[in-house]
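Okay, structure first, notes after.
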Amino acid sequence: MLQVSYIRENRDKVLERLAVRNFKQPELVNEIISLDEERRSTQSTLDAIAAQANASAKQIGELMRQGQKEQAEQIKSEATNLREQSKSLSEKLSVIEEQLQLKLVLLPNLPHTSVPKGVSADDNQVALEYGEKPSLQANALPHWELATKYDIIDFELGNKIAGAGFPVYKGKGAKLQRALINFFLDNAEKAGYREMQPPIVVNEDSGFGTGQLPDKEGQMYHVGIDNLYLIPTAEVPVTNLYRDVIVKEEELPIMNCAYTPCFRREAGSYGAHVRGLNRLHQFDKVEIVQVAHPDKSYEILEQMSSYVQSLLQALELPYRVLSLCGGDMGFTSAKTYDMEVWCAAQARWLEVSSVSNFETYQANRLKLRFKGKEGKPQLAHTLNGSALALPRIVASLLENNQTEKGIKIPAVLVPYTRFEYID
RNA sequence: GGUGAGGUGCCUGAGAGGCCGAAAGGAUCAGUUUGCUAAACUGACGUACGGGCAACUGUACCGAGGGUUCGAAUCCCUCCCUCACCGCCA
């Protein structure tokens with residue numbers, strides 16, 4: 001959520017930045033500004049009346065103590081009148097504030113100046129491409145067939161237990177999952193991240209804090225009876241650790257990581273592009289999250305991007321980095337890099353990570369601030385990235401590394417899997 | 001699930017209709033003292049939204065929302081949460 005004061009003072013800039021996103025309702029900005037004006041003037045009036053009412057109440061107390069009952073009674077009626085006025089004004093004020101809030105949450109984050117203008121994924125810029133795409137034999141198989149061939153992932157069984165998009169990993173398939181999780185966590189720790197194990201359900205406040213609510217309500221599984229949401233990413237609980245927190249400036253940057261399962265309803269996505277592991281309702285992911293000083297957040301974004309790339313390099317997967325255009329960026333992000341790995345048999349790039357700087361957008365909702373020795377609390381910047389999401393990594397490992405002898409496990413993973421081939 | 005206790009500032013904790021944005025202690029920060037450390041002393045020390053160049057100032061906030069009252073941290077109602085014990089259970 002953007003800060004009203006910022007919008008008020010930088011109207012033209014806000015409009016200009018929103019245009020980079022191809023934002024469809026720029027009129028919201030003016031509506032917000034005029035609601036804010038109304039809010040401020042109402043509050044001024046209310047404050048003045050409340051001040052008067054407080055003064056009268058004090059006076060009454062004073063008079064009562066002195067036993068001047070009659071005079072007290074006189075002021076009482078005045079005070080009652082003032083209270084009534086202030087009551088109706090504060091009702092008006094809360095209506096205005098509610099409307100303001102409703103509109104405010106409809107505004108997405110402002111893209112950073114380095115973000116390319118554009119409307120869709122076609123306008124994303126390829127920032128870099130790394131590694132060589134393997135050339136496969138003519139009889140190469142897509143990962144879902146390899147999964148069946150080696151009996152390591154069972155989609156049918158998952159259908160029976162839960163439904164499409166909930167695969168069962170078996171034998172070496174399950175071990176590969178565990179190996180990847182540990183590999184990612186160990187590396188994150190080496191890079192300075194502190195491992196956390198958060199709840200995988202969150203309450204409404206948390207969903208709101210990171211921006212999933214109200215925007216992506218339908219994308220989350222909701223446990224109605226307890227009003228809890230299954231997390232779509234560890235970003236939600238790990239970032240919300242700092243909701244309503246004022247941290248000390250010298251504690252920045254705060255670096256946390258977490259492995260969690262992630263749950264996404266993915267309503268509306270069906271068809272060939274979502275076959276096999278390409279898109280699941282439940283998947284595993286290690287997430288890295290930072291709380292940063294505003295002066296440092298873009299430097300940190302680059303570091304996080306490099307870190308994610310280092311994982312892909314270690315796994316010997318060809319990848320590319322996209323700098324997302326305004327139109328393709330998430331609602332809450334100011335700048336996002338997507339990392340995509342090459343899946344040789346499908347001959348497609350698949351997104352395995354998304355690294356974003358949210359600047360103060362989440363922090364404003366979370367009321368996540370930092371404070372130096374001097375001065376007022378200031379909103380921090382939040383960043384996060386997948387490091388990494390498993391299914392598509394597995395898909396590309398299977399497809400790219402298929403050999404006569406079986407699926408070759410990358411050298412860095414062998415100490416974790418304790419086998420060199422899936423065969 | 002049952003019963004009981006309770007939610008006050010960074011923490012502990014007092015306050016039980018007006019003198020309370022809130023005692024006291026601790027923590028933290030600044031200063032004095034000090035060979036260093038420690039201690040002692042002095043002072044500062046919540047957040048948000050307004051107004052003001054600023055000093056400063058108004059309002060709101062004692063879990064949340066309502067109510068009573070001229071006036072509520074304090075009384076009443078509803079909800080949420082936490083803790084303890086019992087039951088059930090990994």
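Order of the sequence lines fixes the chain letters, A, B, ..., with proteins taken first and strands second; residue numbering starts at 1 for each chain.
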Could you tell me which nucleotide pairs with B:rU59 by Watson-Crick or G-U wobble geometry, both distances under 3.5 Å, or answer none if nothing does? B:rA48
Short side-chain N/O contact from A:Arg8 to OP1 or OP2 of B:rC49, under 4.0 Å: no
Checking A:His381 side chain against A:Val291 main chain: does a donor-acceptor pair fall under 3.5 Å? no
Whole angstrom value for the distance that separates C1' of B:rG51 from CG of A:Asp36: 15 Å
Nearest listed nucleotide, side chain of A:Lys58, among B:rU47, B:rC19, B:rG50: B:rC19
Indicate yes or no for a side-chain donor-acceptor contact from A:Tyr229 to the backbone of A:Leu213 under 3.5 Å, with no hydrogens or angles considered. no
Within the structure shown, what part of the strands sits under 4.0 Å from A:Ile60 by heavy-atom distance: base, sugar-phosphate, or nothing? base
Just checking, is any N or O donor in the side chain of A:Thr233 or A:Lys285 under 3.5 Å from an acceptor N or O on the other one? yes
On RNA chain B, more 5' by nearest nucleotide between A:Gln52 and A:Ser77 is A:Gln52
Taking a pair as Watson-Crick or G-U wobble with both distances under 3.5 Å, which nucleotide is matched to B:rG71? none
Which nucleotide wins on minimum distance to the side chain of A:Lys87, given the candidates B:rC49, B:rG67, B:rG51? B:rG67
For B:rU47, take OP1 and OP2 only and decide whether either is under 4.0 Å from a side-chain N or O of A:Arg369. no
Paired with B:rG4 by Watson-Crick or G-U wobble geometry, both distances under 3.5 Å: which nucleotide is it? B:rC83
Side chains of A:Asn30 and A:Arg11 only: does a donor on one sit below 3.5 Å from an acceptor on the other? yes
Is there a side-chain contact between A:Phe184 and A:Tyr259, using heavy atoms and a 4.5 Å cut-off? no
How far does the P atom of B:rA64 sit from the matching atom of B:rU8, given to the nearest Å? 10 Å
Nearest to the side chain of A:Lys376, which nucleotide is it out of B:rA48, B:rG58, B:rU47? B:rA48
Taking atom C1' of B:rG9 as reference, at what distance in whole Å does atom CG of A:Asp244 sit? 15 Å
Whom does B:rA22 pair with, Watson-Crick or G-U wobble, provided both distances fall under 3.5 Å? none
What integer number of Å spans the C1' atoms of B:rC80 and B:rG63? 8 Å
If you measure from the P atom in B:rU69 to the same atom in B:rG51, how many Å do you get, rounded? 34 Å
Nearest of B:rU47, B:rU59, B:rC70 to any side-chain atom of A:Pro377? B:rU47
Side chain A:Arg39, main chain A:Ile96, donor-acceptor under 3.5 Å: no
Between A:Ile49 (CD1) and B:rG50 (P), how many Å, whole number? 19 Å
Between B:rU59, B:rC70, B:rC49, which nucleotide gets closest to the side-chain atoms of A:Ala51? B:rU59
C1'-based separation of B:rU74 from B:rC19 [nearest Å]: 15 Å
If the C1' atom of B:rG67 is compared with that of B:rG17, how far apart are they to the nearest Å? 15 Å
Is there a Watson-Crick or G-U wobble partner for B:rC88 with both distances under 3.5 Å, and if so, which one is it? none
Regarding A:Gln282 and A:Tyr221, is there a side-chain donor-to-acceptor distance under 3.5 Å anywhere? no
Respond yes when some side-chain nitrogen or oxygen of A:Arg83 is under 4.0 Å from OP1 or OP2 of B:rG71, and no when none is. yes
Does any nucleotide pair with B:rG43 by Watson-Crick or G-U wobble geometry, both distances under 3.5 Å, and what is it? B:rC29
5' priority, RNA chain B, between A:Leu46 and A:Arg40 [closest heavy atom]: A:Arg40
Taken to the nearest whole Å, CG/A:Asp47 to C1'/B:rG58 is 6 Å
Within the pair A:Asn54 and B:rG71, is there a side-chain N or O less than 4.0 Å away from OP1 or OP2? no
Now, which nucleotide makes the Watson-Crick or G-U wobble pair with B:rG9, with each of the two distances under 3.5 Å? none
Do any side-chain nitrogens or oxygens of A:Lys248 fall under 4.0 Å of OP1 or OP2 in B:rC29? no
Spacing of the P atoms in B:rA44 and B:rU59 (rounded, Å): 23 Å
Name the closest nucleotide to the A:Ser44 side chain, picking from B:rC70, B:rU59, B:rG50. B:rG50
Looking at B:rU37, which nucleotide sits across from it as a Watson-Crick or G-U wobble partner, both distances under 3.5 angstrom, or is there none? none
Given B:rC49, B:rU59, B:rC70, which nucleotide is nearest the side-chain atoms of A:Ala50? B:rU59
Scan A:Ala57 against the nucleic acid and name what it touches under 4.0 Å (heavy atoms): base, sugar-phosphate only, or nothing. base
Gap in Å between the two P atoms, one belonging to B:rU12 and one to B:rC70, rounded: 37 Å
Roughly how far apart, to the nearest Å, are B:rG43 and B:rC53 at atom C1'? 28 Å
What about the rings of A:Phe263 and A:His281, do their centers lie closer together than 6.0 Å? no
